[in-house]
Amino acid sequence: MPEQTIAEALLLGVLEGLTEFIPVSSTGHILLAGHFLDFQSTGKAFEILIQLGAILAILSVYAARLWKMAVDLPRDPATRRFVLGVLLAFLPAAVIGVLAYKIIKTVLFETPTLICIMLILGGGVLLWVDRWAKKPVYTDITHFPLAMYFKIGLFQCLSMIPGTSRSGSTIVGGLLLGADKRAAAEFSFFLAMPTMAGAFAYDLYKNYALLTAADVKIIAVGFIAAFIAAVIVVRSLLGYVSRRGYALFGWWRILVGVAGLVALFFLG
């Protein structure tokens, strides 16, 4: 990376942590902010690798539940079924992410206009789904049908386009398939664990030889900031969406997308 400041890395790290688990597209926000800050990262690695902070945040918040699942896994069919469901949901993005990696990083990540458009379109979809009157069928993420887990995973693949939102895609998929608002958000948390860990590992594998000591320092700052901000969001999001739904996030996406297009028109 050229001479990037600690302040920029700190700002982008906080932005990552605050937006990773809400349906507004953390990658879209970071790429737009980086564009206007002229933040250049080696192979766009910073934007992916600081997600480790968000991964560790959700692991820390769900540590007790994950430990119980690990203990129960050998003897409890329900736990094994849920883990299988998460893996089924993870599979489509894993395959497409590897096959389309070059296009995602070299084309889609470099197209801020596309990011703004996807923010606006996604905001409209989120507003529509949030107001949809269909009565929820599933309130417990461990009781989704196996086919439903896989279908949510297909929805997640839409997030390969920056600005779409990984959490937004999975939440919308869950809502359309019959989950209530809380369950849709909670399953997006669990699906984030293998998805983000896989993206982190694959991107590190692709770029580790290119990274310098200066790069690692900047990434570490972003990672720590993302961890702290993400812990705050994960601890509060489920209660919020249970009471208020997703309308706020839909309007926020539209506002950011429109502001981004205006800024791109005047500033480039």
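We count residues from 1, following the sequence as given. Scope of the values below: all heavy atoms of this structure, side chains included, with no hydrogens, waters or symmetry mates. What you see is a predicted model; the values in this text were computed from it and never measured.
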Asks: For residues Val256 and Val24, determine if any side-chain heavy atom of one lies less than 4.5 Å from a side-chain heavy atom of the other.
Replies: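 No, side chains not in contact.
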Asks: I'd like to know whether the aromatic ring centres of Phe144 and Phe82 sit less than 6.0 Å apart in this structure.
Replies: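 No, the ring of Phe144 stays outside the 6.0 Å limit from the ring of Phe82, centre to centre.
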Asks: With Ile219 as reference, evaluate Leu52, Leu49, Ile48 under the side chain to side chain contact (heavy atoms under 4.5 Å, CB included) test and give the passing residue.
Replies: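 Among the candidates, only Leu49 passes.
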Asks: Kindly indicate, with the supporting measurements, whether the criterion side chain to side chain contact (heavy atoms under 4.5 Å, CB included) is fulfilled by Ile120 and Leu261.
Replies: CA-CA 10 Å; Ile120 295 169; Leu261 288 176; 3.7 Å; yes
Asks: Of the options Leu15, Leu37, Ile115, which is the one that meets Leu32 in a side chain to side chain contact (heavy atoms under 4.5 Å, CB included)?
Replies: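 Going through Leu15, Leu37, Ile115 one by one, the side chain to side chain contact (heavy atoms under 4.5 Å, CB included) with Leu32 is satisfied by Ile115 alone.
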Asks: Which heavy atom in Ala184 sits nearest to a heavy atom in Ala179, and how many Å separate them?
Replies: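 Looks like N-CB, 4.1 Å.
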Asks: Using a strict threshold of under 4.0 Å (side-chain N to carboxylate O), is an ion pair present between Lys181 and Asp130?
Replies: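 Salt bridge between Asp130 and Lys181, a charged N being under 4.0 Å from a carboxylate O: yes.
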Asks: Taking the side chain as C-beta and beyond, is there a heavy-atom pair between Phe227 and Ser60 under 4.5 Å?
Replies: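 Yes; the side chains approach each other to less than 4.5 Å.
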Asks: Quick one: pull up CD1 in Ile171 and OH in Tyr246 and give me the separation to the nearest 0.5 Å.
Replies: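 The CD1 atom of Ile171 sits 4.0 Å away from the OH atom of Tyr246.
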Asks: When you measure from the side chain of Asp180 to the backbone of Ala183, do you find a donor-acceptor pair of N or O atoms at a distance under 3.5 Å?
Replies: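 Judged by distance alone, yes, a pair lies under 3.5 Å.
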Asks: Is it true that Arg65 and Glu186 make a salt bridge, defined as a side-chain N closer than 4.0 Å to a carboxylate O?
Replies: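 Yes, Arg65 and Glu186 are salt-bridged.
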Asks: Is there a side-chain contact between Phe249 and Val241, using heavy atoms and a 4.5 Å cut-off?
Replies: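 The answer is yes, as the side chains (C-beta and beyond) meet within the 4.5 Å cut-off.
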Asks: Could you pull out the closest heavy-atom pair between Leu12 and Gly34, with the gap in Å?
Replies: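 Scanning both residues completely, I find the closest heavy atoms to be CD2-N, 4.2 Å.
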Asks: Does Ile228 belong to the same Ile/Leu/Val/Met/Phe/Trp/Tyr cluster as Ile55, with side-chain heavy atoms less than 4.5 Å apart forming each link?
Replies: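 Same hydrophobic cluster.
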Asks: Passes side chain to side chain contact (heavy atoms under 4.5 Å, CB included), Ser169 versus Ser159? Steps please.
Replies: CA-CA 6 Å; Ser169 298; Ser159 67; 3.9 Å; yes
Asks: Go through the steps for Asp203 and Lys105 under the test salt bridge (Lys or Arg N to Asp or Glu O under 4.0 Å), then give the verdict.
Replies: CA-CA 10 Å; Asp203 204 86; Lys105 293 297 289 291; 2.5 Å; yes
Asks: Donor-acceptor pair, distance only, cut-off 3.5 Å: does the side chain of Glu20 make one with the backbone of Gly17?
Replies: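 Judged by distance alone, no pair lies under 3.5 Å.
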Asks: For a 4.5 angstrom cut-off between non-hydrogen side-chain atoms, does Tyr138 reach Leu177?
Replies: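 SC-SC contact between Tyr138 and Leu177 ruled out.
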Asks: Taking atom CG of Leu59 and atom CE of Met193, what is their separation to the nearest 0.5 Å?
Replies: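 The distance works out to 5.5 Å.
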Asks: Closer than 4.0 angstrom, basic N to acidic O: yes or no for Arg80 and Asp76?
Replies: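 No salt bridge links Arg80 with Asp76.
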Asks: Transitively linked via ILVMFWY side-chain contacts under 4.5 Å: Leu91 with Phe200?
Replies: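 Per the 4.5 Å side-chain linkage, Leu91 and Phe200 are not co-clustered.
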Asks: Please work out whether the ring planes of His29 and Trp252 are parallel, tilted or perpendicular, with thresholds of 30° and 60°.
Replies: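 His29 vs Trp252 ring planes: parallel.
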Asks: Is it the case that one hydrophobic cluster holds both Leu175 and Trp132, taking links as side-chain heavy atoms less than 4.5 Å apart, direct or via other members?
Replies: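 In one cluster with Leu175: Trp132, yes.
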Asks: Calculate, to the nearest 0.5 Å, the distance between atoms NE2 and CZ belonging to His35 and Phe109 respectively.
Replies: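 Result: 15.5 Å between the selected atoms.
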Asks: Quick one: OH on Tyr205 to OH on Tyr101, what's the gap to the nearest 0.5 Å?
Replies: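 Separation between the atoms: 10.5 Å.
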Asks: Counting C-beta onward and ignoring hydrogens, is there a side-chain heavy-atom pair between Leu127 and Ile254 closer than 4.5 Å?
Replies: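 In short, these two side chains touch, coming nearer than 4.5 Å.
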Asks: With clusters defined by side-chain heavy atoms of hydrophobic residues (ILVMFWY) lying less than 4.5 Å apart, directly or transitively, does Val125 cluster with Leu176?
Replies: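 Linked within one cluster.
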Asks: Side chains of Ser25 and Thr19: does their closest heavy-atom pair fall under 4.5 Å?
Replies: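 No, every pair of side-chain atoms sits at 4.5 Å or beyond.
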Asks: Less than 4.5 Å apart, any side-chain heavy atom of Leu56 and any of Phe223?
Replies: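 The answer is yes; the side chains approach within 4.5 Å.
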Asks: Work out which heavy atom in Met118 is nearest to a heavy atom in Arg253; give both atom names and the distance.
Replies: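 Looking at all heavy atoms of both residues, the closest pair is O-NH2, 3.0 Å.
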Asks: Starting at CZ of Arg182, measure out to OH of Tyr240 and round the result to the nearest 0.5 Å.
Replies: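 One finds 15.0 Å between CZ of Arg182 and OH of Tyr240.
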Asks: Decide yes or no for Val129 and Leu126: does some side-chain heavy atom of the first lie under 4.5 Å from some side-chain heavy atom of the second?
Replies: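 Side chain of Val129 against side chain of Leu126, heavy atoms only: no contact under 4.5 Å found.
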Asks: I'd like to know if the side chain of Arg166 and the backbone of Ser188 have a donor-acceptor N/O pair within less than 3.5 Å.
Replies: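 Confirmed, Arg166 side chain pairs with Ser188 backbone.
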Asks: Can you check whether Thr142's main-chain N or O pairs, donor with acceptor, with Arg81's side chain at less than 3.5 Å?
Replies: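 A pair under 3.5 Å: yes.
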Asks: Return the minimal non-hydrogen interatomic distance between Gly173 and Ile152, and the atom names on each side.
Replies: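 For Gly173 and Ile152, the tightest heavy-atom pair comes out as C-CG1, 4.3 Å.
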Asks: Quick check: closest heavy atoms across Ala93 and Gln156, and the distance to 0.1 Å?
Replies: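 The pair with the smallest heavy-atom distance is CB-NE2, 3.6 Å.
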Asks: How close do Lys217 and Ile6 get, counting heavy atoms only, and between which atoms?
Replies: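 Answer, listing the atom of Lys217 first, then Ile6: CE-CD1, 3.8 Å.
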Asks: Is there a side chain to side chain contact (heavy atoms under 4.5 Å, CB included) between Met69 and Tyr62? Walk through the geometry before answering.
Replies: CA-CA 11 Å; Met69 289 174 59; Tyr62 278 86; over 6 Å; no
Asks: After noting the C-alpha distance and the side-chain angles of Glu47 and Thr27, does the key distance pass the side chain to side chain donor-acceptor pair (under 3.5 Å) rule?
Replies: CA-CA 7 Å; Glu47 291 81 354; Thr27 303; over 6 Å; no
Asks: Using a cut-off of 6.0 Å, state whether more than 12 heavy atoms not belonging to Trp251 lie near its atom CH2.
Replies: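 12 or below, so no.
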Asks: Over 60° means perpendicular and under 30° means parallel, so tell me whether Phe187 and Tyr149 are parallel, tilted or perpendicular.
Replies: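 Judged by the thresholds at 30° and 60°, the geometry between Phe187 and Tyr149 is tilted.
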Asks: Can you check side chain to side chain contact (heavy atoms under 4.5 Å, CB included) on Ile30 and Phe39, steps first, answer last?
Replies: CA-CA 10 Å; Ile30 291 172; Phe39 185 89; over 6 Å; no
Asks: Kindly say whether Leu114 contributes a backbone atom to a donor-acceptor pair with the side chain of Thr111 at under 3.5 angstrom?
Replies: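 Absent.
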Asks: Does Ile103 CD1 have over 12 foreign heavy atoms under 6.0 Å away?
Replies: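 Incorrect, the count does not exceed 12.
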Asks: Atom CZ in Phe189, atom CG in Leu191: separation rounded to 0.5 Å?
Replies: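 With rounding to 0.5 Å, CZ (Phe189) is 12.0 Å from CG (Leu191).
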Asks: Spell out, yes or no, whether Val137 and Ile141 are grouped together once hydrophobic residues are joined by side-chain heavy atoms under 4.5 Å, including indirect joins.
Replies: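 Yes.
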